[in-house]
Amino acid sequence: MATPKIVGIETEFGIMVRGTAEWNPVSASSLLINAYVGADVGSLDERSAPVAWDFIDEMPGADAREGMAPDYAMPPEVETHLVNAVLTNGARYYVDHAHPELSTPECRDASSVVIYDRAAELILIESMRAAGKLLPEGQEIIIYKDNSDRKGNSYGCHENYLLDRNLPFGQIVHGATTHFVTRQIFTGSGKVGSELPGIGVGEITYQLTQRAEHFEEEVGLETTLKRPIVNTRDEPHADSQKYRRLHVIAGDANMSQVATLLKVGTSAIIFAMLEDGAYDHPLIIDSPVQAMHAVSHDLTLQKPLTLEDGRTATPIEIQWSLLEQARAWADRHGLEAVGEDAGKLVMERWEQALEGLESDPDSMASTIDWVAKLRLLRGFVDRHDCDWNDPRLRALDLQYHDLRPEKSLARRAGLETIVSDHEAQQAVTEPPLDTRAYFRGRCLEKFPDNVVAANWDSIVFDVGDEPLRRVPMLEPARGTVDHVGSILDSSETAAELLEKLGA
Amino acid sequence: MAEREQKKRSAPRPQEKIEESQATNESGEALKAELDDLLDEIDEVLETNAEDFVKSYIQKGGQ
């Protein structure tokens with residue numbers, strides 16, 4: 001059976017400071033996160049140092065293609081000096097490339113990811129509020145959950161999937177490329193205009209995605225330049241003999257919870273199918289980079305893509321055939337690998353999305369971001385009788401992603417919510433019960449003074465005696481409430497915990 | 001991709017079709033009213049001086 005598709009999302013947020021011309025995004029991001037972490041442990045006066053991230057296992061330069069990394073592929077830098085905190089819900093909250101970034105804890109399925117993605121929004125909202133108290137009167141930090149400043153600068157919303165190390169990387173590339181190019185029809189969060197050189201707003205008034213135009217390669221290690229559709233970063237953050245972590249950089253950040261569910265859920269299914277040998281998709285897209293742009297630029301969803309064998313197919317047709325194969329896979333192998341309940345929900349929503357997009361895209365305005373945003377834009381154009389060059393439309397486009405509840409347009413757009421306020425609020429501080437994030441989060445919550453550092457696959461404890469003790473967590477599906485819940489509950493001290501764990 | 005098997009959907013009977021189209025009209029009007037309310041709200045909360053706001057939104061590239 002396929003490896004359990006443990007998943008997580010890392011989002012780099014857009015940041016802006018109002019009320020001063022003198023600000024830089026690194027300091028603002030640091031202040032934002034410090035304000036939150038400080039607020040988390042009591043009053044600002046008695047702020048204690050947050051638990052730091054442990055960089056020992058970070059190796060973002062490792063390439064999944066053995067011996068295939070071209071000489072010019074420089075490994076990305078790890079910025080160890082910036083703010084980097086671990087939260088009690090198992091998430092990592094830090095400054096990366098001049099943006100605040102939040103990585104959700106490892107989640108067992110797509111439904112759980114949607115909860116933690118919403119919790120991430122709540123954390124950023126609380127951070128803005130906490131930062132406001134530290135800033136001089138009249139200044140404000142504003143956070144946007146988007147992927148582009150519409151001026152050629154992009155920042156990512158990455159997905160991570162646990163994969164079987166034995167699955168050949170070439171097969172991953174084959175399946176992932178087909179899906180990533182065509183899933184844009186329901187994962188896109190919409191953008192006014194184009195960022196490609198030489199394209200005026202008259203040519204492309206609006207497109208499906210924020211991110212597509214920032215992709216220039218089919219496969220590669222880069223994430224900040226010449227971005228590839230399939231990223232080869234080989235940093236499993238788990239037992240590297242058994243697992244691979246596929247680092248997906250090709251998606252948009254979604255405001256719609258259903259879109260996040262679909263983005264992660266359908267991709268998890270495709271990867272599980274690949275592992276089970278059930279992905280037998282004959283449709284290989286010719287020139288995927290151009291196809292990625294073309295899909296994003298085609299609001300009709302009708303323009304056919306050229307396939308390698310000379311035939312053509314629309315993105316919806318390709319998605320239908322992926323769904324049909326997914327159904328056959330589910331009948332034969334079950335949905336356990338992607339979580340039974342979440343898997344069923346994703347299959348239903350996947351079909352509804354394709355049906356809706358095929359018959360009447362406007363009907364998807366409550367679930368698909370690019371449709372929801374387009375509805376607002378068209379309504380605005382009609383009401384104010386303006387053209388698509390009007391800066392107010394670009395403002396509306398940006399403000400759709402504004403996380404401030406009093407300003408967010410996505411919040412007003414009538415999007416369906418599938419996460420309750422209670423679930424999201426709980427997920428701000430509590431980890432998922434069913435991955436190793438449970439152990440990380442509970443240790444931080446229960447023994448904050450003894451946890452010196454933590455990262456995805458280990459926690460370092462200081463229990464007073466030398467030396468420090470590292471507890472490895474190389475199995476993402478272990479360290480759950482079932483495995484360690486009672487040990488954690490019954491341990492009065494960190495030393496007792498370590499003793500019981502035999503660490 | 002003409003050879004793709006079309007998904008089988010049973011055609012609705014005529015009576016259902018009529019009811020459906022009435023329902024569509026009603027829900028269409030409800031949707032329009034809802035959009036009007038929404039646009040009122042957008043007019044209220046949309047950043048003033050849109051041009052400056054859009055121009056000032058400059059981010060450093062990330063991953």
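Here the structure is a predicted model, which is why all the values come from computation and not from measurement. FYI, side chains are in, hydrogens and waters are out, and symmetry mates aren't considered; it's all heavy atoms of this structure. Numbered from 1 within each chain, the chains take letters A, B, ... in sequence-line order.
Neither the backbone nor the side chain of A/N24 has a heavy atom closer than 4.5 Å to any heavy atom of chain B. Using a 4.5 Å cut-off between heavy atoms, A/I142 does not touch chain B at all. Only the side chain of A/D402 comes within less than 4.5 Å of a heavy atom of chain B; its backbone N, CA, C and O stay farther away. In this structure, the portion of B/D43 lying under 4.5 Å from any heavy atom of chain A is its side chain and not its backbone. For A/S148, the part lying near chain B is the backbone, with the side chain staying farther off; criterion is any non-hydrogen pair under 4.5 Å. Only the side chain of A/H384 has a heavy atom closer than 4.5 Å to any heavy atom of chain B. Looking at B/K32, there are no atoms closer than 4.5 Å to chain A (heavy atoms on both sides), in backbone or side chain.
Shown here for B/D40 and A/R383, the closest heavy-atom pair between the two residues is OD1-NH1, 2.7 Å. Nearest heavy-atom pair, B/L39 versus A/F380, reported as atom, atom and distance to 0.1 Å: CD2-N, 3.6 Å.
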**Item:** Pair B/E41-A/L409, side chain to side chain contact (heavy atoms under 4.5 Å, CB included): steps then yes or no
**Value:** CA-CA 9 Å; B/E41 213 178 332; A/L409 298 188; over 6 Å; no

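The side-chain hydrogen bond (donor to acceptor under 3.5 Å, both in side chains) test applied to A/S154 returns A/R211, not counting sequence neighbours. Scored by the side-chain hydrogen bond (donor to acceptor under 3.5 Å, both in side chains) test, A/D309 finds A/R311 as partners (sequence neighbours excluded).
Residue A/L396 holds its CG atom at 5.5 Å from CG of B/L46, rounded to the nearest 0.5 Å.
Within the 4.5 Å cutoff, no side-chain heavy atoms of A/F13 are placed close to those of B/Q59. Counting heavy atoms from C-beta on, the side chains of A/R375 and B/L35 come closer than 4.5 Å.
At a threshold of 4.0 Å, the pair A/R412-B/E44 does not count as salt-bridged, since none of the basic side-chain nitrogens sits closer than that to a carboxylate oxygen. Remark: B/K60 does not engage A/E12 in a salt bridge, criterion side-chain N to carboxylate O under 4.0 Å.
For the set A/R392, A/K151, A/E101, the count of heavy-atom pairs under 4.5 angstrom toward chain B peaks at A/K151. When the candidates A/E10, A/R150, A/H158 are compared by the number of heavy-atom contacts under 4.5 Å with chain B, A/H158 comes out ahead.
Ring pair B/Y57/A/Y144 is perpendicular by interplanar angle, where above 60° counts as perpendicular and below 30° as parallel.
Other residues, nucleotides and ligands contribute at most 12 non-hydrogen atoms within 6.0 Å of the CD atom of B/E51.
Proximity of a side-chain donor or acceptor of A/Q399 to a complementary backbone N or O of B/E47 within less than 3.5 Å is detected.
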